[in-house]
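Each remark here refers to the structure printed beneath this line.
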Amino acid sequence: MPCPVLLVEDEATLAKNIRAYLQRFDYNVHVCASGEAALRELPSLAPAAVLLDYNLPGLNGLQLLDRIRARDRNAKVVMVTGFGSERVAVDAMKSGADDYLTKPLELGKLRETLDRLLKDVRAAEPQPARPGGLDRLIGESTTMQALKTRIRQVISAEKQLADSDAPAVLITGETGTGKELVARAMHFDGERSAQPFIEVNCSGIPSNLLEAELFGFERGAFTDAKEQKPGLIEAADGGTLFLDEVGEIEPSAQAKLLKLLEDKQVRRLGSVRERKVNVRIIAATNRDLEQLVREGRFRADLYFRLRIIQIGLPALRERDGDAALLAAHFLEVHRTRYGRPDLQFSSAAMQALQQYDWPGNVRELRNLIEQSVVMATGHTIDAVDLALGTTEAQSVAQPATQEEAHALAPAALNLHRVERDLLVAALERSHGNVSRAARLLGISRDTLRYRIEKYRL
């Protein structure tokens with residue numbers, strides 16, 4: 001059943017967004033706009049966690065925290081403070097808060113915090129619905145079917161392991177292709193599905209804090225370390241640690257991450273003791289890690305250790321027919337959310353969706369459909385309502401004259417043939433050097449490798 005959470009927040013829009021976001025991950029969020037209301041609701045709700053804003057009408061967050069702790073010593077409490085309110089955060093921790101977050105609030109970080117604090121609570125509960133799996137990967141194109149087959153092979157191999165040392169997986173692909181969904185599918189359809197899935201956006205945490213977040217710290221390890229704090233690696237013990245945008249990790253943290261992969265041990269900052277952990281690493285990046293290795297910005301030994309298994313995600317423009325399938329799915333989701341059950345695409349809109357090049361991939365498509373649902377004035381979303389831009393790939397100059405147009409043979413208009421010829425020309429010019437050919441074409445090496453396999457070059 002969903003995990004009960006009490007949110008005490010007087011900003012109605014923020015409270016609504018937090019509630020909607022956490023409900024997607026099986027949290028049952030009850031909102032109170034004041035401390036007094038929260039105290040009235042507390043006995044009947046019996047929440048597993050309380051998200052507590054400091055600036056509240058009436059009782060402030062610290063006063064409310066004291067009263068919550070007098071009634072309930074078991075609920076996990078996360079104090080939310082304004083940016084720069086370190087004094088309040090310290091006082092909150094002294095008064096019994098389990099963690100604190102600062103505004104503006106990162107919803108992903110909030111969920112990571114709840115997942116970590118409620119790890120034992122949620123592990124003890126039956127899990128009727130999974131927050132991710134292969135069923136969440138929508139697409140029937142040949143490239144998506146091949147991707148799903150590859151994921152199933154990895155999951156099947158993991159189930160046959162004689163030990164618990166699952167190999168690291170590196171997921172590559174352009175921004176917005178769904179790397180997190182693939183990581184979740186590998187976890188929730190695999191052997192570790194009942195254990196924690198901890199996601200870390202390595203680009204979303206300042207480099208000077210990332211190491212402390214991952215590995216944890218002991219009291220006194222640095223100036224603001226008032227209490228010891230386990231890291232996210234320990235929180236993922238038994239399950240999966242998903243490192244999104246792994247190419248952004250600084251060299252010092254890279255060295256410690258390599259040691260974790262090799263020894264399966266973690267040492268908090270300021271500690272002399274190493275703790276054994278059983279954690280499976282899945283990393284993702286939209287950057288060319290081989291290029292970063294050549295530039296000395298990413299450790300070669302870590303790169304090879306992360307890519308024991310590598311999974312490349314195709315861009316949406318390489319998934320024939322999937323744009324229409326995904327558009328229909330997102331329309332169904334958002335018209336339910338916004339109470340627009342009669343909303344439909346016109347045939348012209350559907351044609352425009354299929355012809356567009358989608359430089360932002362699935363994320364761009366999802367956001368565009370939500371925007372279209374919100375802004376639609378009638379019962380039909382037409383092509384003009386989509387406001388699709390023109391991508392570089394679509395803005396190829398047209399023939400200047402009718403004679404030039406007739407000079408283009410039908411074969412020359414075959415997109416797949418043109419693409420294959422470009423690949424061959426780039427590989428010939430670079431004498432078979434894949435990295436140089438990728439630079440000539442203006443794409444990543446992983447994308448070029450995918451296309452080489454696609455055309456069996």
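It should be emphasised that the depicted structure is a prediction, and the values quoted were computed from it without experimental measurement.
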Salt-bridge test for R297 and E248: reply yes if a basic N is under 4.0 Å from a carboxylate O, no otherwise.
no
Step through the shown structure and confirm whether more than 12 heavy atoms of other residues, nucleotides or ligands are within 6.0 Å of CZ on R429.
no
For the residue pair R299 and Y303, confirm or rule out a side-chain donor-acceptor distance under 3.5 Å.
no
Please determine if R280 and E158 form a salt bridge, counting it only when a charged side-chain N lies under 4.0 Å from a carboxylate O.
yes
Which atom of L161 lies closest to which atom of A166, heavy atoms considered
CD1-CA, 3.7 Å
Could you check whether E213 pairs with R268 (Lys NZ or Arg NE/NH1/NH2 to Asp/Glu carboxylate O, under 4.0 Å)?
no
Are the charged groups of E180 and R184 less than 4.0 angstrom apart, N to O?
yes
Using a strict cut-off of less than 4.0 Å between a Lys/Arg side-chain nitrogen and an Asp/Glu carboxylate oxygen, indicate whether R116 and D99 qualify as a salt bridge.
yes
For atom NZ of K259, is the number of surrounding heavy atoms from other residues, nucleotides or ligands below 6.0 Å larger than 12?
no
Lys/Arg N to Asp/Glu carboxylate O, R111 vs D115, below 4.0 Å
yes
Do you know the tightest heavy-atom contact between K276 and D237?
O-OD2, 4.5 Å
Are K179 and D244 within salt-bridge range, i.e. N to O under 4.0 Å?
no
Looking just at side-chain N and O atoms, do N28 and R19 make a donor-acceptor pair shorter than 3.5 Å?
no
Scanning both residues in full, the closest heavy-atom pair of I309 with P167 reads CD1-CG, 3.7 Å
Side chains of E174 and N361 only: does a donor on one sit below 3.5 Å from an acceptor on the other?
yes
Can a side-chain donor-acceptor contact be found between E364 and Y356 if the only test is distance below 3.5 angstrom?
yes
